[in-house]
Each structure stands twice: as structure tokens, then as C-alpha cells.
2 protein chains.
Amino acid sequence: MEQPSTPIDRVIVDAILAGRIRAGTRLGEQQLAALFGVSRTSVREALIRLEARGILQVSPRRGWFVIEPSLEEAQEAFQARCAVEMGILLAMKDIPPETIETLREHVRREREAIAGDDIGARSYLLGDFHVCMVEALGNRTLAEILRDLTARTVLISALYQSTHDATESCDEHERIVALMAAGDLAGAAALMVTHIGHVEAGLTRRIERDPLLDLRQALRLLPKGADAKQRP
Amino acid sequence: MEQPSTPIDRVIVDAILAGRIRAGTRLGEQQLAALFGVSRTSVREALIRLEARGILQVSPRRGWFVIEPSLEEAQEAFQARCAVEMGILLAMKDIPPETIETLREHVRREREAIAGDDIGARSYLLGDFHVCMVEALGNRTLAEILRDLTARTVLISALYQSTHDATESCDEHERIVALMAAGDLAGAAALMVTHIGHVEAGLTRRIERDPLLDLRQALRLLPKGADAKQRP
DNA sequence: GGCATCAGGCTTGCATACAAGATTTGGCGA
DNA sequence: TCGCCAAATCTTGTATGCAAGCCTGATGCC
């Protein structure tokens, strides 16, 4: 595949991966054109690309929106990730040593991000581990596919209330790398499936996004029924 | 994902899947615009989508071309297909009975196409079996991914000299379905990997596409070194 | 003859203009 | 005060125009 990916694409995808843009967000052509200082045409091309990658969807004459996966689509995305990652692990004969080192380094950065308080970097790195793994295993094609699937699962995670801890995920990543280093690919694959299952299981009930949230915050209003005394 | 996929996309992808368009073919914007009776803008959007799907690539100010996978990319594509299909089979708990029937019907159509002489339909159906399988297993997301990967491998197959017979492929499809029907998913997955391996192994040496082929045929000239007496 | 140079045509890249539809807003009447 | 209808506004969809770069072919020079 191709990397040139105009800046606009990257910026949007990165923002999604870091959790700065949530599912359902509207992305206006005019708006983005002004922000990037280009014409609507270029913006539109980027949006079309992202639509083809299953990250955005367009509602005719209404606007472009970040996808809001249904429960069914969410399950498909997780299953797809499971299949891809298990598949690549089982299909590998042996693992190049530098792959292990790359992944260990990645886990190290995850720990740093968790220790710090950059929620964006943390979210990004935890998702990127899987992309990184497949790429380090030598298959860029699958890595690209996984990147888009990851974007989808990140959006899903933000839609649901997650009980899965970042530290837990990081620990599991570390154990997966350890199994790979030991040459136990079947074990690594199995743990990977379990790991993704954990993340998926952590998504309990859907959070209905309050469409008035931004306005409410701007006006310093609390949702109906909230205790006013809780306000700082 | 979305199906609306403007006609232009579908027509081009179908043509590739049926082997009517080969790797390296140039697709001019103006040319397509005239053919479809729309402006360059719409054509361009379709081409951009196909580029994002890894089927086309654009050479700045030179034109749009159907991808010509390198040996490395070819291997990645086959490995990706292996991983995805093995992964989904191993991830399934049980197979809905109607899935089996759908696939049996598909194999039946493959046999018909092989008996007939519609090379395009034959090529299309043999590739579509895999997409069909994943979709019948209930994962449209993965099916979409697989469709694009299949397009890539079809292009690759046309670039290489294939020794793998259509009948052989169809037989293997039938055996895979039989294993699935028997509930032996691990066996089906293993056979699937073997099957894809067969197809990949069938691609022996690269056929260097002769850029002068059309002209040569028009002029009734033979490649240098060929025995002139062999000409019909 | 061989080679460098340059003009012309053809391609995509990008911006703009206008058309069509959806949404919101404002006004009117019951 | 509520409901309904129409205009105004804002959105994307599509076409067109011009700029910029690549390739071809001709020309002139060595």
C-alpha cells in the first residue's frame, strides 16, 4: 500500500487513535478546508479515502461523520482483529530477534505513557502495539488493515464504558512478547485472543452520548437530575 | 462498511476480479469520464477510493495504474489471506447450517463455470469463494477486507505463470466445505492454508509483460529468438 | 550521425462556481 | 401557546477552468 497519505488523513486518524475525536463527530468540508488552508477539493479527497477505509461515513448532503459502530459491527471488528492477529502468529515459522526487541521497546513506551498522564499517547500506544507487532512480523499489508480495524475498535471503546485497565493491557502485551520470545507462537496466539477478548468483555454498556454536552459545559449547566452541589 | 460504492468502482473491481483488466493497465480520468458519461470529478473520486483500497496507484501527473505487486507484496497478500481465513475459521465456534448450503451452492456454480468456457466467470467465482465463505460465516467486515486482498492476488496470478488448475481449486473448495460441514474447523483451516499455498506455489516464474505485445501481434512479428516456423 | 534543448500536447492537481437537497429559523394562524 | 408552513441558510454533489508537470517529437548544434 501507500504511505504518502496526505497530512489531512493522518491528522484525523491520529486524533481518532488518540481518542481526541469521538464516534459520531461531524467533520465539515468547509471547516477542515479553513483549518488546513486548502480548498474543499483536497479535504474531500481525504474524507473519501477515510470513508473507503471504513473510518468515516457520509450522509448525503448532511455531512461527514466518524462512524458509530453498532453492537454487531463492533463484534465483527473485534473478531476480525482476533482472526488477523491469531492468523499471522500461527502462520509465522520463526520470529526474527529484532522483532522481539522492537516490541519490548514498544511495551516500555507504553509503561512510560501509563506512568505519565498523557491519556492520548496511552490510548494510541496501546492500540498501536498490535499494528506494530504485525508490521514487525514483516507484513505491512496486514499492518495497514489492522491499523484501520484498530481505529474502529478505539471508537467503539469510547462508546462503551470500559472496565479494562491500561495497566492490565500492558501486562498482557508483555506476556505475549515473552511467549513470542520463547518461540511459543501458539501460546502467544492463544493469549492474544484472550487479551482481545478481555478488552471486548470490558465494554459493558453503551454510553449514550449527550448531544448537548458541549453547550452544557459552556454554559456551566448540569444534566437534569444531577446534584448541583457536586459542582466544583 | 458501505455498499453504495458508485457503479464506477464496482465495474473496475469486477473487471479486475474477472481478469479482464491486468496489472499495470492505465486508467485515464478523461477516458473513464467519457465512458461513464460523467465529469472527471466523479471518476476521480472512484479512483481515489480504489487507491485507498490498494487496488490502484497514482503516478503524479502521469496517470492512474492498476497495481503491479512486487514479489514481496505478492507474498504479503497471500500470507494475509492465509491469516485472515485461517483466523476466522479457528475463531468460529460453530457453523450455521445455511452457511454450508450457501457454500455448496457456490461450489456448484464454480463447476458450471468451469464446464462452460467463460474464463471471466470462472476466475471471478474461484476468488469469490473465499469472500463468500467469510461473509457466510457472518463477518462482513472481514469479507470486505478479503475482497480487496483477493483482487490483489488475482492481479498477481495474472502476472505469473500459473500451473494451478481451476478444477483442482474447485475440488479443494469442495473438500473444505465438507470439513466445515463435519464440524472439523481445525481441519478446514489447515486445508485452507494448504489450498492457498497450492495456488501461491502454482505461481512459478514471473511473466514479464511484453509492452510491445499488442503492437507485435498487430504487425505479426515474433519476439526475438522465437522460431519463425512455429507461427500458425 | 549523435546529442542536447525546447516547444507542444496531454495528463493530473487544485480551486472555484453553481446546483440540489437538508436543516433550521422565523412567522403566521388557530 | 402550540403546530404548521415557507424562506433562508448551510451542507454536500458535480462540473468546469486553469495551473503545473511529464512525455514526445522536432529542431539546431557539435
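These figures come from a predicted structure and were not determined experimentally. Lettering follows sequence order; numbering is per chain, from 1. Computed over heavy atoms, backbone and side chain alike; hydrogens, waters and symmetry mates excluded.
Between H173(B) and F129(B), the ring planes are parallel. Angles under 30° get that label, and only those over 60° would be called perpendicular.
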Tabulated below should be each protein N or O lying under 3.5 Å from an N or O of nucleotides 22-24 of chain D; please produce it.
| from | atom 1 | to | atom 2 | distance (Å) |
| --- | --- | --- | --- | --- |
| dC23(D) | OP1 | R62(B) | NH1 | 3.0 |

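Two residues are said to be in side-chain contact when any heavy atoms from C-beta on lie closer than 4.5 Å; L50(A) and W64(A) fail this criterion. E85(A) is listed as a side-chain neighbour of M133(A), based on a closest heavy-atom distance under 4.5 Å. With a 4.5 Å cut-off on side-chain heavy atoms, L146(B) and L149(B) count as touching.
The nearest whole Å value for the distance from the CH2 atom in W64(A) to the C1' atom in dC10(D) is 17 Å. Computed from coordinates, the E45(A) CD to dT14(D) P distance equals 15 Å when rounded to whole Å. Rounded to a whole Å, the CD atom of E51(A) is 13 Å from the C1' atom of dG13(D).
Across every non-hydrogen atom of L47(A) and L32(A), the tightest pair is CD2-CD1, 4.0 Å.
Residue R44(A) places at least one side-chain N or O under 4.0 Å from the OP1 or OP2 atom of dG13(D). Here T41(B) does not reach the OP1 or OP2 of dT14(D): none of its side-chain N or O atoms lies under 4.0 Å away.
Nearest-nucleotide mapping onto DNA chain C: of L47(B) and S42(A), the residue sitting toward the 5' end is L47(B). In terms of position along DNA chain C, the nucleotide closest to L27(B) lies nearer the 5' end than the nucleotide closest to the other residue of the pair L27(B) and V38(A).
Judged purely by atom type and a 3.5 angstrom limit, T153(B) uses its side chain to pair as donor or acceptor with the backbone of T150(B). Put simply, the side chain of T99(B) never gets that close to the backbone of L137(B): no donor and acceptor are under 3.5 Å apart.
For E101(B), the CD atom sits in a packed shell: over 12 heavy atoms of surrounding residues, nucleotides or ligands are nearer than 6.0 Å. Other residues, nucleotides and ligands place no more than 12 heavy atoms under 6.0 Å from the CD atom of E72(A).
With the end axes of the helix from dG1(C)-dC30(D) to dA30(C)-dT1(D) each set by five pairs, the angle from one to the other reads 10° at 10° resolution.
On the nucleic acid side, DNA chain C has its first and last nucleotide under 4.0 Å of a heavy atom of chain B at dT11(C) to dG13(C), going 5' to 3'.
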Take R140(B) and E73(A) through the salt bridge (charged side-chain N to carboxylate O under 4.0 Å, His left out) test and state the conclusion after the steps.
-> CA-CA 9 Å; R140(B) 223 185 303 252; E73(A) 289 166 329; over 6 Å; no

Begin from the C-alpha positions of S169(B) and H195(B) and carry the test side chain to side chain donor-acceptor pair (under 3.5 Å) through to its verdict.
-> CA-CA 7 Å; S169(B) 274; H195(B) 166 56; 4.5 Å; no

